[in-house]
Amino acid sequence: MMEESTMLTRRQVGILLLLGGAFWLSALAYLRGLPQLLTDPLWNPLNFASTVSVAWTSAYLIRRLAGLAPDQLMAGVGLVGAVVMVADGVALNWFPRAYGPDDTVSRLAGAWLLWGYGFSLGAALLMARHAAVKHR
């Protein structure tokens with residue numbers, strides 16, 4: 001049975017929806033401003049590697065800004081992830097040039113975004129696990 005504290009409040013949901021929009025717009029600006037980080041053979045792997053710390057920071061910000069308890073972290077990061085993934089799905093299908101000038105940039109942008117979402121969820125899971133072990 002789900003504990004009461006696991007449920008997100010309306011205020012938390014509102015904050016998480018705003019964070020999802022802000023994170024998506026930030027990623028869009030990054031991709032549009034620096035498409036060479038996706039297409040350059042040297043910068044591409046460095047860009048992907050640096051995303052690990054960005055994903056960890058994003059999960060931390062989501063927790064702090066929405067005031068999430070450890071048992072709410074996965075739900076909060078999941079909701080932010082849902083917002084940004086839906087926005088990416090819409091953009092990649094109907095507005096693929098939003099991410100860059102051609103299909104290669106759009107494809108690489110999609111790969112980078114999925115990579116970041118995966119690491120954000122992983123970071124949230126590790127943070128929640130750490131908090132649960134700490135409070136035993």
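Here the structure is a predicted model, which means the values were calculated and not measured.
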Test side-chain contact (heavy atoms from CB on, under 4.5 Å) on Leu8 and Leu68; report intermediate values, then the result. CA-CA 8 Å; Leu8 299 170; Leu68 302 177; 3.7 Å; yes
What is the minimum heavy-atom distance between [X] and [Y], and which atoms define it?
X      : Y      : result
Gly33  : Gln36  : O-OE1, 4.4 Å
Ser120 : Ala59  : O-CB, 4.1 Å
Met7   : Gln12  : O-OE1, 4.2 Å
Gly110 : Leu92  : CA-CD1, 4.1 Å
Leu38  : Val105 : CD1-O, 4.0 Å
Tyr99  : Ala87  : OH-O, 4.4 Å

Worked check of side-chain contact (heavy atoms from CB on, under 4.5 Å) between Phe23 and Val83: CA-CA 9 Å; Phe23 286 171; Val83 170; over 6 Å; no
Could you give me the CA-CA distance, side-chain angles and deciding distance for Trp112 and Leu37, then say whether side-chain contact (heavy atoms from CB on, under 4.5 Å) is met? CA-CA 10 Å; Trp112 176 75; Leu37 294 180; over 6 Å; no
Let's go through Leu46 and Ser50 carefully: what are the C-alpha distance in whole Å and the side-chain angles of both, what is the deciding distance for side-chain contact (heavy atoms from CB on, under 4.5 Å) to 0.1 Å, and is it a yes or a no? CA-CA 6 Å; Leu46 294 173; Ser50 71; over 6 Å; no
Hey, what do you get for [atom1] ([X]) to [atom2] ([Y]), rounding to the nearest 0.5 Å?
X      : Y      : atom1 : atom2 : value
Leu73  : Ile62  : CG    : CD1   : 8.0 Å
Ser58  : Leu121 : OG    : CG    : 11.0 Å
Trp115 : Leu108 : CH2   : CG    : 13.5 Å
Arg63  : Leu61  : CZ    : CG    : 10.0 Å
Tyr30  : Leu113 : OH    : CG    : 10.5 Å
Leu34  : Trp43  : CG    : CH2   : 9.5 Å

Check the hydrophobic clustering (I, L, V, M, F, W, Y; side-chain heavy atoms under 4.5 Å; chains of links allowed) and say if [X] and [Y] are grouped together.
X     : Y     : value
Leu25 : Trp94 : no
Val90 : Leu18 : no
Val80 : Tyr60 : yes
Leu16 : Val54 : no

Crowding at CZ, Arg97 (>12 non-hydrogen neighbours, <6.0 Å):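 More than 12 within 6.0 Å, yes.
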Check: Trp56 and Leu126 side chains under 4.5 Å, non-hydrogen atoms: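 Counting from C-beta outward, Leu126 and Trp56 do come under 4.5 Å.
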Would you find a donor on one side and an acceptor on the other, under 3.5 Å apart, between the side chain of Arg32 and the backbone of Ala98?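 It does hold such a pair.
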